[in-house]
Amino acid sequence: MSLTKSAWRRRLAAGATGAAMLASAACSAANQGAIGSSAPAGPASKGGTLVVGQTTEAEPGSFLKTSFGNILWEYAVLETLTLIDTKTGQPKGVLAKSWTLAPDGKSLDIKLRDDVTFHSGRKLTVADVIFAIQQVQDPKVGAANQSIAAQISDMKATGDYELALTFKQPLPNVFDLFETMPIPNKDAYADYASGTKVDGTGRFEWKSWTPGGKLQLSKYAKYRDAQNTHLDNIEINLIKDPTAMVAAIRSGRVQYGVGLAGLDARSLSQQPGFALVSSGGAAIPLGFDVTKPPFDNKAVRQAIHYAIDRDRIVQQVEGGQAQATNLPWRTSTIGYDAAQTKQYTYQPDKAKQMLAAAGVKAGTSFDVTMLNTPEATGVFQIVKNNLAAVGLNAKPVIATADYDAKVSSKNMGTPAFLMMNSNGLSPASAVVSRPELQADENVSHFKSPEYTRLVKAVTSASTTPDQQKALHDYSAYFADEAFVLPLITRPTLTVRSNALNDLAPTQMGFLDISRAWLSK
């Protein structure tokens with residue numbers, strides 16, 4: 001899964017707990033409490049229109065790619081089989097009523113709710129779920145978590161509302177797939193791309209969309225528990241200019257803003273009447289093409305680890321709202337080891353000594369591909385200054401519209417590259433989806449039998465102890481080889497008016513506004 005700026009926008013995701021969830025998935029979602037059917041906490045005002053602003057255009061034809069422009073409307077109009085509870089890390093049923101995992105972990109039986117209708121009035125059936133999985137499996141669609149869906153070897157309807165899935169191997173990250181796979185009406189799917197009609201099962205209907213302007217949603221009166229839908233309408237406005245977005249929020253013209261720069265979001269949230277919303281998150285790594293000198297030398301790559309002042313990036317670029325790290329995992333990840341994340345500390349003198357011992361001459365220059373965003377520019381400037389202090393000259397190459405193509409082709413065009421990826425996927429999903437972590441073909445062109453073995457161990461671990469050991473072993477090898485240098489991980493920040501209540505950030509980083517309400 002490529003999450004380098006626009007790819008990050010398309011493939012936003014934020015952490016699941018893989019095998020531990022699968023182990024508990026054999027219990028009924030009904031017993032766990034289904035998301036979408038529980039009553040909101042406390043009194044909620046009824047009615048009104050929520051007006052929001054976002055900096056990225058909606059992409060209704062890309063809902064399976066989890067485009068950033070869909071972050072607000074997707075979970076209001078469409079629904080998934082399950083969502084991961086952000087407090088417990090366990091999957092909860094949405095369209096799925098219950099599920100049972102086979103003892104060997106190679107098959108999963110799913111029962112759907114039988115009271116779900118699309119906005120067109122047609123009832124949801126297993127055929128729609130099978131259709132959705134088939135679309136995700138198709139590489140041409142470019143869906144999020146296609147590599148996970150590819151491990152589903154057989155799908156069989158055992159009833160109108162019952163489905164049997166067979167896996168090629170134990171699939172501890174299947175709920176990562178479900179989280180990013182909204183279920184469409186298979187008969188209306190062809191209409192989604194134009195945006196004239198998006199037929200979903202969610203609390204809100206897609207009413208109208210003006211590309212470059214606004215998207216309007218209205219309450220679906222026949223939703224299965226419509227009494228818990230509080231808003232009458234949601235209006236999503238495209239506001240590309242960051243200054244205009246801040247002004248719109250300050251003036252009260254919009255009650256919620258998505259896509260602000262991190263510093264703008266934090267500054268605005270500190271003013272009376274506003275609050276910061278944290279969801280999802282990203283990892284920013286520095287990668288190297290290990291086929292190109294001097295980065296074909298592991299000692300050089302390790303030296304650069306010691307040369308970078310990650311804490312300075314956290315404070316000066318992220319305003320303290322980030323974590324310096326040597327590894328790409330969130331702290332909530334099963335098997336996360338805080339000691340491993342601090343293996344390389346800021347030691348420029350040691351970096352100099354290692355570079356000299358490796359025969360790297362002072363003044364050695366190399367190009368670094370990077371995105372043209374304020375965050376990437378800020379991170380690169382600190383990295384550039386840190387490297388200059390140890391005798392290396394990093395020169396920026398600003399990526400434009402071809403950046404995603406470079407990532408997809410695994411040819412970044414320069415010996416070093418600064419990336420941005422989601423750090424939300426479980427390790428079992430990340431190591432087969434993120435372009436810098438994949439074993440067979442990664443952007444660093446790094447490969448070894450040992451790395452392939454460790455990746456396989458992470459993806460096949462089916463118990464918590466096995467998952468902890470697999471991740472620890474993988475992380476130790478990953479840090480030692482240093483073909484990718486994680487710099488920081490940080491959450492995605494948005495700003496809401498205090499009048500907006502009951503936003504529900506999902507574990508994968510989307511924002512469920514379907515049960516939000518406005519204070520009178």
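Since we're looking at a predicted model, the values are computed, not measured.
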Counting only N and O atoms by type, is there a donor-acceptor contact under 3.5 Å from the side chain of [X] to the main-chain atoms of [Y]?
{"X": "S444", "Y": "F288", "answer": "yes"}
{"X": "T414", "Y": "T369", "answer": "yes"}
{"X": "N386", "Y": "D309", "answer": "yes"}
{"X": "E318", "Y": "G320", "answer": "no"}
{"X": "K168", "Y": "Q151", "answer": "no"}
{"X": "R301", "Y": "F295", "answer": "yes"}
{"X": "D480", "Y": "A476", "answer": "no"}
{"X": "T82", "Y": "P91", "answer": "no"}
{"X": "H472", "Y": "Q340", "answer": "no"}
{"X": "N442", "Y": "P435", "answer": "no"}

Practice problem: Given side chain to side chain contact (heavy atoms under 4.5 Å, CB included), test F380 with V368 step by step and report yes or no. | Solution: CA-CA 9 Å; F380 175 78; V368 181; 3.8 Å; yes
Euclidean distance, [Y] [atom2] relative to [X] [atom1], rounded to 0.5 Å:
{"X": "L177", "Y": "Q146", "atom1": "CG", "atom2": "CD", "result": "10.0 Å"}
{"X": "Y336", "Y": "Q468", "atom1": "OH", "atom2": "CD", "result": "14.5 Å"}
{"X": "I249", "Y": "F274", "atom1": "CD1", "atom2": "CZ", "result": "7.0 Å"}
{"X": "Q321", "Y": "Q315", "atom1": "CD", "atom2": "CD", "result": "9.5 Å"}
{"X": "L286", "Y": "L485", "atom1": "CG", "atom2": "CG", "result": "6.0 Å"}
{"X": "D337", "Y": "K342", "atom1": "CG", "atom2": "NZ", "result": "10.5 Å"}

Considering only heavy atoms from C-beta outward, does the side chain of [X] approach that of [Y] to under 4.5 Å?
{"X": "Q316", "Y": "I382", "result": "yes"}
{"X": "Y474", "Y": "P427", "result": "no"}
{"X": "Y256", "Y": "V258", "result": "yes"}
{"X": "L500", "Y": "I513", "result": "no"}
{"X": "K447", "Y": "T452", "result": "no"}
{"X": "L260", "Y": "L268", "result": "yes"}
{"X": "E481", "Y": "K298", "result": "yes"}
{"X": "L83", "Y": "E179", "result": "yes"}

Check [X] against [Y] and note the closest heavy-atom contact, atom names and distance.
{"X": "T341", "Y": "T325", "answer": "CB-OG1, 3.5 Å"}
{"X": "A479", "Y": "Q343", "answer": "CB-OE1, 3.6 Å"}
{"X": "T489", "Y": "P328", "answer": "CG2-O, 4.2 Å"}
{"X": "F178", "Y": "T80", "answer": "O-CB, 3.3 Å"}
{"X": "G212", "Y": "E57", "answer": "N-OE1, 2.5 Å"}
{"X": "R266", "Y": "G319", "answer": "NH2-N, 3.5 Å"}

Quiz item: S475 and W329: side-chain hydrogen bond (donor to acceptor under 3.5 Å, both in side chains), yes or no, with the steps?
Solution: CA-CA 9 Å; S475 296; W329 319 124; 3.1 Å; yes
Tell me whether [X] at atom [atom1] has more than 12 heavy atoms from other residues, nucleotides or ligands lying less than 6.0 Å away.
{"X": "K456", "atom1": "NZ", "result": "no"}
{"X": "K292", "atom1": "NZ", "result": "yes"}
{"X": "K384", "atom1": "NZ", "result": "yes"}
{"X": "E441", "atom1": "CD", "result": "no"}

Practice problem: Evaluate side-chain hydrogen bond (donor to acceptor under 3.5 Å, both in side chains) for T291 paired with D289, printing each intermediate quantity in order. | Solution: CA-CA 5 Å; T291 67; D289 185 337; 2.6 Å; yes
Practice problem: Go through T506 and D512 one step at a time and tell me if the side-chain hydrogen bond (donor to acceptor under 3.5 Å, both in side chains) criterion holds. | Solution: CA-CA 7 Å; T506 71; D512 185 355; over 6 Å; no
Quiz item: Is it true that E375 and R490 have a side-chain N and a carboxylate O under 4.0 angstrom from each other?
Solution: yes
Practice problem: Inspect the contact between R515 and D502 and indicate whether a charged nitrogen and a carboxylate oxygen are less than 4.0 angstrom apart. | Solution: no
Side-chain donor-acceptor contacts of residues 354-362 below 3.5 Å, not counting sequence neighbours, with atom names and distances?
none

Practice problem: Apply the test side chain to side chain contact (heavy atoms under 4.5 Å, CB included) to residues R250 and Q271: give CA-CA distance (whole Å), side-chain angles for both, the deciding distance (0.1 Å), then the verdict. | Solution: CA-CA 9 Å; R250 281 179 174 160; Q271 299 180 23; 3.1 Å; yes
Quiz item: Yes or no on side-chain hydrogen bond (donor to acceptor under 3.5 Å, both in side chains) for S519 and N501, after CA distance, side-chain angles and deciding distance?
Solution: CA-CA 7 Å; S519 302; N501 302 275; 2.9 Å; yes
Ignoring hydrogens and geometry beyond distance, is a side-chain donor-acceptor pair present between [X] and [Y] at under 3.5 Å?
{"X": "N145", "Y": "T180", "result": "yes"}
{"X": "D264", "Y": "S267", "result": "no"}
{"X": "N237", "Y": "E235", "result": "yes"}

Exercise. Given side chain to side chain contact (heavy atoms under 4.5 Å, CB included), test Y344 with Q302 step by step and report yes or no.
Key: CA-CA 8 Å; Y344 298 98; Q302 291 176 336; 3.5 Å; yes
Self-check item: Qualifying residue, where the test is side-chain contact (heavy atoms from CB on, under 4.5 Å) with F478 and the options are V455, D473, L437
Solution: L437
Exercise. Walk me through it: do L387 and N393 pass the test side chain to side chain contact (heavy atoms under 4.5 Å, CB included)?
Key: CA-CA 7 Å; L387 295 182; N393 180 23; over 6 Å; no
Self-check item: Set of ring-ring contact (aromatic ring centres under 6.0 Å, His included) partners for F446, sequence neighbours left out
Solution: Y451, F483
